[in-house]
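Have a look at the structure below before the remarks.
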There are 2 protein chains.
Amino acid sequence: MPRKVGDRMGLIIGSRPGEVAVHDNTTLNIYQGVHIALGLRPDRKVIVVAADEFPTDRFVVEGIAHDLGLTVRPLTADVDLSDVAVVVRSVIDYRTAELCDVAGFTAQARAQGAMVLWDLSHTAGAIEFDVHALGVELAVGCSYKFLNGGPGAPAWTFVAQQLQSHIQQPIKGWFAQKDQFAMEKPFAPHDDIRRVLLGTPNMLSLVAAEEGIALSGRAGMPAIAKKGQALTKFGIDVIDHFGLTTSTPRDATKRGCHLAVHHPNAPQLVKDLAAQFKVIADVRPPDIVRLGLSPLTTRFTDIWDGLEKLSRLINQ
Amino acid sequence: MPRKVGDRMGLIIGSRPGEVAVHDNTTLNIYQGVHIALGLRPDRKVIVVAADEFPTDRFVVEGIAHDLGLTVRPLTADVDLSDVAVVVRSVIDYRTAELCDVAGFTAQARAQGAMVLWDLSHTAGAIEFDVHALGVELAVGCSYKFLNGGPGAPAWTFVAQQLQSHIQQPIKGWFAQKDQFAMEKPFAPHDDIRRVLLGTPNMLSLVAAEEGIALSGRAGMPAIAKKGQALTKFGIDVIDHFGLTTSTPRDATKRGCHLAVHHPNAPQLVKDLAAQFKVIADVRPPDIVRLGLSPLTTRFTDIWDGLEKLSRLINQ
């Protein structure tokens, strides 16, 4: 089931059958992904992550570095990757929705011998993406929002086929084992994507995830991405109309599917939006009101209504 | 939600509010539990696990020992625990249903300075159990069968209150962090059971688990355990009636809620039971047909029917 649902990710991220397992949560998948990359670069002792990366990515990296005595180097424009085992990086910034140069950065890392573990949590289902065209070998993501899964929907791991038989990850569970009930025998995992599995896959979630992912697959990422760009363009126009401030890129090809509105009272505004108007936004410290626009379900009128309410709260 | 559902485990295993988190799967919880115990015994380099322990427990232990350069010592009757950090042990044998001496073994380990991580997967919801009365400080288990959860239902971790503020586990996720979205700040986890959380809790599963656990709580473990003993006694009588062989203890106070029937053709018998009669049993190598009897849902007539079919297959 983790592989069957994983195969449906092909229409979303360009993966091939057998390259994705849908399982557990993103935090865990990042943990495994970092260990997988470290195992592929055993002579390197540095992990790179941005100081303002999504918190769980950063915490996981810092925890692994602490436990294994590795160094964490902040991601900067001129960061040296020549001694780096793995970079953990989000394709789309979780605050501003800014899209980074995936192909360029992956090629730069590869040239310097570093792996990149891409976090596609705000990417898969929001924009068009093709792991193979971009040179991506290792990626994780959630199916929470843009893949219609809701809170706690299972995450997924992509491992390019050519790496699968080499990888090791630290949590050796019976669902990775060739013969699950083999007694008094050592751990001998499958040679494929099942190497990332641990315990019993969560069936309730997988059944829901299968349908959620299939829904995006049927609608088609080109159409979804096009509506996403139109939604965010409309949102930026409305932000301008109300005189609000955004850091979300104005170039549609450089952004994902959410909007960042800056205001010093962001935390209170998010609370008031929910309490007074049932508009659910997220606060992103220090000063961002983040509005997620999921192309399959968000309407243009929702964007107008939400931003009109936000503007009213700011000006009252 | 992981804590709210966890509190419902009090009626099942005698834990106090705030001592259980329901989250992720048992394999992961074992992984975390072993690391927690290792962190509490930093000067010890040995993990003990039985050579015939449930596979995922054994694989996880072997994986951790390999990665950290620790030694795995097999659990034997006279095992020396004086240099052992942690013993991973199932309360009820997953094949025979034999119940071990939890209080005695925990006391013995404590006297020698070793932690015990108890696996209650075949225990919680099957027999009466009281973590505090038995001296248990660290335990994990599933909610799959005896807590009515079905495949992939979330697992749970019990950490005795007095240990919680000291524990460390390797997967530092944002759901353990006091301020989830704190930027450019280090990981600073809660001081309570939330230290074991990783990513977004699986809401679909938790909602189902809450009801499943509550159901056992409402029925009451004394009544459930009493029916479990009656079911297994009846099962053993039927096994005797058909001249079959079992290793499940005949003393009702020494067994859990499943039956082990030995036969050299066990793997084929389990297949045939399912294909011909829709009787779902498990094969436990090398020669066990295992019949799970969940007290809340299994009827006496189910046991007769299943064993009569098994006997028919064996004698045909």
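Heavy atoms only: backbone and side chains are in, while hydrogens, waters and symmetry mates are out. Everything numeric here is computed off the predicted structure, so don't read it as measured data. Here is how names work: the chains are called A, B, and so on, in the same order as the sequence lines, proteins then strands, and each is numbered from 1.
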Please determine whether side-chain hydrogen bond (donor to acceptor under 3.5 Å, both in side chains) holds for the pair B:H122 and B:S90, giving the CA-CA distance in whole Å, both sets of side-chain angles, and the decisive distance to 0.1 Å. CA-CA 8 Å; B:H122 294 82; B:S90 287; 5.6 Å; no
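The greatest number of non-hydrogen atom pairs below 4.5 Å with chain A, out of B:G63, B:P170, B:P201, is found for B:P170. Your options are A:T26, A:L28, A:I64, and the one with the most heavy-atom pairs under 4.5 Å with chain B is A:L28.
Contact annotation for A:Q177: only side-chain heavy atoms (C-beta onward) come within less than 4.5 Å of a heavy atom of chain B. For A:A208, the part sitting under 4.5 Å from any heavy atom of chain B is the side chain, from C-beta outward, and nothing else. With a threshold of 4.5 angstrom between heavy atoms, A:P151 approaches chain B through its backbone and through its side chain. For A:S205, the parts lying under 4.5 angstrom from a heavy atom of chain B are both the backbone and the side chain.
Side-chain atoms of A:T200 and B:N25 include no donor-acceptor pair closer than 3.5 Å. There is a side-chain donor-acceptor pair under 3.5 Å between A:T56 and A:T27.
Classification of B:R284 and B:D282 as a salt-bridged pair holds, one side-chain N sitting under 4.0 Å from a carboxylate O.
Ring centroids of A:F54 and B:W174 are separated by less than 6.0 Å, placing the two rings close together.
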